[in-house]
Protein chains: 2
Amino acid sequence: MPDQPTSGLLRATIDDVAREAGVSTATVSRALRNHPYVADSTKQRILQVADQLQYVANSNASRLASGQSRTIGLLAPLLTSWYTSEVVAGVEDVLAHARFDLLIGTANPLARERMFRGDARFHQRIDGVILVDVFCSEAGAAKLADLETPVVVLGEQLRSITSVSVDNERGARLAARHLIELGHRRLAAVGGHAHMDVAHNVPTERLRGFQSALEAAGLKLPAQYVEDGDFTIEGGRTAMHRFLALPKPPTAVFLMSDEMAYGALWALREAGLRPGVDISLVGFDDHPVAESVGLTTVRQPVREIGRLGARLMLDTLDGFGAVMHHPIELTLIERETSGPPR
Amino acid sequence: MPDQPTSGLLRATIDDVAREAGVSTATVSRALRNHPYVADSTKQRILQVADQLQYVANSNASRLASGQSRTIGLLAPLLTSWYTSEVVAGVEDVLAHARFDLLIGTANPLARERMFRGDARFHQRIDGVILVDVFCSEAGAAKLADLETPVVVLGEQLRSITSVSVDNERGARLAARHLIELGHRRLAAVGGHAHMDVAHNVPTERLRGFQSALEAAGLKLPAQYVEDGDFTIEGGRTAMHRFLALPKPPTAVFLMSDEMAYGALWALREAGLRPGVDISLVGFDDHPVAESVGLTTVRQPVREIGRLGARLMLDTLDGFGAVMHHPIELTLIERETSGPPR
DNA sequence: CTGAAAGCGCTTACAG
DNA sequence: CTGAAAGCGCTTACAG
C-alpha cells in the first residue's frame with residue numbers, strides 16, 4: 001500500500017512529494033521536468049516517490065507560475081468539413097500526447113486581421129498558431145514571421161514560415177493525365193470557394209495544374225467546363241447537372257474534393273448515366289467512403305498532415321526545427337469511376 | 001484611445017481593472033461573475049472598464065484559485081467513428097461556449113473500472129463525465145450515481161442517471177416495417193461489436209426491435225440472416241457477401257449503421273446487383289453521404305445528441321436539471337435503396 | 001455592498 | 001547541486 005500523507009481522496013501535491021522525499025519543492029519541480037543540475041540519486045528518489053503517490057502536477061498551477069499557456073491556436077476557414085475535422089484530429093492527437101491544449105477558431109477576417117497585426121491579447125493566450133488552409137501568400141507570411149508567436153502554415157508552401165502542403169498542381173495534373181490517357185478530350189473541372197472572403201490557394205493551384213496538363217496534351221479548357229461546386233456534395237451535384245445540360249457535355253470531370261464527386265455521382269444516377277462508362281469522374285482526398293463507391297481519386301493523407309503540423313509546432317517551441325517546407329506525397333488511386341470515353 | 005495602465009503588449013489583469021475602476025480586485029471578480037451584492041453602479045463601471053481594457057480573466061489563475069477545473073471528461077469506446085466524432089463535435093461546441101474544456105478518453109476497461117470505482121485522482125481533475133455508448137445498465141448506473149462526480153450517459157436509457165438516447169428498438173422496427181410493407185418476407189440484419197470487451201446495448205436493442213417487428217408480421221429471423229458487420233464499411237461489405245453466398249439470400253437487409261450500408265452497397269455493385277431493385281437496403285444514422293447514394297435510413301440527429309448531453313451536464317453543474325431521461329426522435333427517411341422485392 | 005488578506009499549487013531567479 | 005521565498009492572477013471566507 002502506498003503511503004498517503006493526505007486524505008486518500010485528495011490528489012497529491014508537490015508539497016506531499018517534497019516532504020516524502022525530504023527535499024524542497026523547487027528540487028521536485030526540477031527533477032520532474034528533467035532540469036539539469038539535479039543529483040542523480042536525488043532525482044531517482046523523487047521520481048520514485050512521485051510515482052508512488054501518483055503525483056501529477058496541477059496544470060493550472062504550473063501554467064500560471066511559468067507563464068506558459070501550453071496552448072496552441074488553430075485557425076481554419078471551415079471547421080465542419082471532413083478535411084478540416086481530419087486535420088484537427090491529427091493535430092489534437094499529437095498535442096494531447098504532449099499535454100498541450102488546442103484552441104480552435106474560425107479564420108474569419110477579424111481573426112486574420114488580428115493574426116497579421118500581431119494583436120498582443122490574442123497571442124498572449126497561446127504559445128503558437130497553426131493555420132489550416134488560410135491563404136497567406138509570401139507577403140502575409142513575411143508579416144507572420146515577424147510576430148513573436150511561432151506559426152505553422154498547413155496547405156500552402158511558404159518560404160519564410162514553416163509550412164506543410166501537398167503539391168496541388170501536381171495532384172491535378174495526375175488526375176488530368178489519367179483521364180487524357182484513357183482517351184478523353186473533353187475534360188471539365190469543379191472547384192469552389194470563389195465566393196469566400198478568405199482567399200484560397202487550393203482551388204487556384206489545382207485548376208492551374210489541371211489546365212497545364214490539358215495544354216500539354218494540346219487540349220483546351222473552355223469556360224463552360226469550369227464550375228464552382230462549393231466543395232460540398234450539393235455543389236458537386238449542381239455543377240454536374242449544369243455540365244449535363246450543355247449541348248456538348250464533357251466526357252470526364254475532375255472534382256477537387258471527394259465530397260463534390262459524391263454529388264456528381266448522385267447527379268449521374270439521377271440522369272441515368274453510368275460513372276466510368278458514360279462519364280468519367282476523378283475526385284481528390286480519398287475520403288473514407290470513396291473506396292466503397294469506387295471513386296477514382298487523388299489521395300492525400302489528411303490526418304498525417306495535421307500530425308506533422310503539430311509536431312513541427314512542438315519542435316519550434318522546443319527551439320528545434322528550422323523554417324522549412326514539408327511536402328506531402330499525393331497518389332492517384334484508380335478505381336471504377338474512370339474509364340475510356342464511350 | 002483606451003488607457004493602457006501597463007504596456008500595450010501585456011494583457012490586462014484584474015489589478016488593472018480594479019485600479020482603473022477604483023475598487024478592489026474582490027469586487028471586480030464578483031462583478032464580472034454576476035455575484036449578488038454588488039452595487040449596480042459599481043458593477044456598471046467595472047463592466048465598462050473591463051470592456052475598455054479588453055480584460056479577460058486568466059483561466060489558469062481562476063481555476064487554480066477556485067479549485068474548479070472547468071473540464072468535462074468524455075469517454076467513448078471508439079473515438080474515430082463518424083458517430084463519435086459527431087457527438088464530440090456537438091459536446092465541444094456547447095462546452096466551448098461555456099468556456100469549459102473537454103478531456104477525451106477511450107472507454108477501455110481500465111478507464112471504466114476507475115469510473116465505477118470512483119477513483120479520486122481521476123475525478124479530481126474533472127467536474128463531470130459524459131459517457132458515450134459505454135454500456136452501463138442499471139447496476140452500473142447505480143454505482144455511478146453514488147459518485148461525487150456528475151455523470152451524463154449518452155446512448156442508453158437509465159433511471160438513476162441523467163441520460164439521453166434514441167429508442168433503438170423503435171428505430172429498428174421502423175426499418176423492418178418499411179421493408180415488410182414493401183412486401184419483403186426474407187429480411188436480414190447486420191449489427192456488430194459482438195467481439196468488443198465493452199458491452200454494447202445498441203446492437204442488442206436494434207436486433208430485438210427488428211426481430212419483434214418480424215414476429216408481429218409472422219416472420220422469422222433465421223441465424224444465417226444475422227451478421228456482425230463491425231460497424232465498418234468493410235464489415236458491411238463482408239456481411240453482404242455472406243448473405244449473397246447463401247442458397248436463399250435475403251431480399252432485404254437492415255444495416256445498423258450507414259457506414260455498414262455503404263459496404264453492402266459496394267458488395268451489391270461487385271455482384272452486379274441493383275440496390276432497391278434486386279435487394280433492398282436500409283441503414284441507420286443518416287450520415288452526410290447517405291442522401292447522395294440514395295440510401296433509405298433511420299435518421300438520428302447525432303450532433304444534437306452531443307449538444308443536449310453537454311447542456312444537461314452544464315445544467316447539472318449549475319444545480320439545475322433533475323435526473324431524467326431525454327428521448328430523441330428517430331425518423332425513417334425513404335430513398336432509393338429500398339423497394340418491393342422482385 | 002465592499003475590501004484586506006490568505007491561499008490555490010506550481011516555477012524560478014537568487015543566493016548559497 | 002539545493003533551498004527559501006517571491007510571485008503568477010485569480011477567488012473567497014472573513015470582517016466590516
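None of these values were measured; they are calculated from a predicted model. Every chain is numbered from 1 and lettered A, B, ... according to where its sequence line falls, protein lines coming before strand lines.
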Report task. Nearest-nucleotide wise, let me know which of B:Ser66 and B:Tyr37 is further upstream toward the 5' end of DNA chain C. Result -> B:Tyr37
Query raised in the report: Would you say the side-chain atoms of B:Asp127 pair up with the backbone N or O of B:Arg70, donor to acceptor, closer than 3.5 Å?
Result: yes
Report task. Examine D:dC10: is either OP1 or OP2 under 4.0 Å from a nitrogen or oxygen in the side chain of B:Tyr55? Give yes or no. Result -> yes
Query - Pair A:Ser24-A:Thr27, side-chain donor/acceptor within less than 3.5 Å - result: yes
Requested in this report: Report the C-alpha separation of B:Asp16 and B:Arg19 in whole Å, then their side-chain angles, then the decisive distance to 0.1 Å, and conclude whether the salt bridge (Lys or Arg N to Asp or Glu O under 4.0 Å) test is met.
Outcome: CA-CA 5 Å; B:Asp16 298 327; B:Arg19 197 181 316 124; 3.6 Å; yes
Query raised in the report: Less than 4.5 Å apart, any side-chain heavy atom of A:His326 and any of A:Leu312?
Result: yes
Query - A:Arg33 vs C:dC10: side-chain N/O to OP1/OP2 distance below 4.0 Å - result: no
Report summary line: Closest non-hydrogen atoms of A:Leu102 and A:Leu74, given as atom of the first, atom of the second and distance, are CD1-CB, 3.8 Å
**Report entry** Atom pair OG1/CD of A:Thr42 and A:Gln44 - distance to nearest 0.5 Å
**Finding:** 9.5 Å
Query raised in the report: Which nucleotide in the set C:dG9, D:dT11, C:dC1 lies at the smallest distance from any side-chain heavy atom of A:Asn58?
Result: C:dG9
Query raised in the report: Would a 4.5 Å heavy-atom cut-off, applied to side chains only, mark B:Thr84 and B:Asp133 as touching?
Result: no
Report task. Kindly say whether B:Thr25 contributes a backbone atom to a donor-acceptor pair with the side chain of B:Ser29 at under 3.5 angstrom? Result -> no
Query raised in the report: With a 4.0 Å cut-off on heavy atoms, is A:Ser59 in touch with a base, just the backbone sugar-phosphate, or nothing at all?
Result: nothing
Query raised in the report: Going by heavy atoms closer than 4.0 Å, what residues in residues 22-31 of chain A are next to DNA chain D?
Result: A:Val23, A:Ser24, A:Ala26, A:Thr27, A:Arg30
Requested in this report: Extract the stems that DNA chain D is part of, considering only consecutive pairing runs of at least three Watson-Crick or G-U wobble pairs, both distances under 3.5 Å.
Outcome: C:1-3 with D:14-16, C:5-12 with D:5-12, C:14-16 with D:1-3
Query - Separation between the C1' atoms of C:dT12 and C:dG16, rounded to whole Å - result: 16 Å
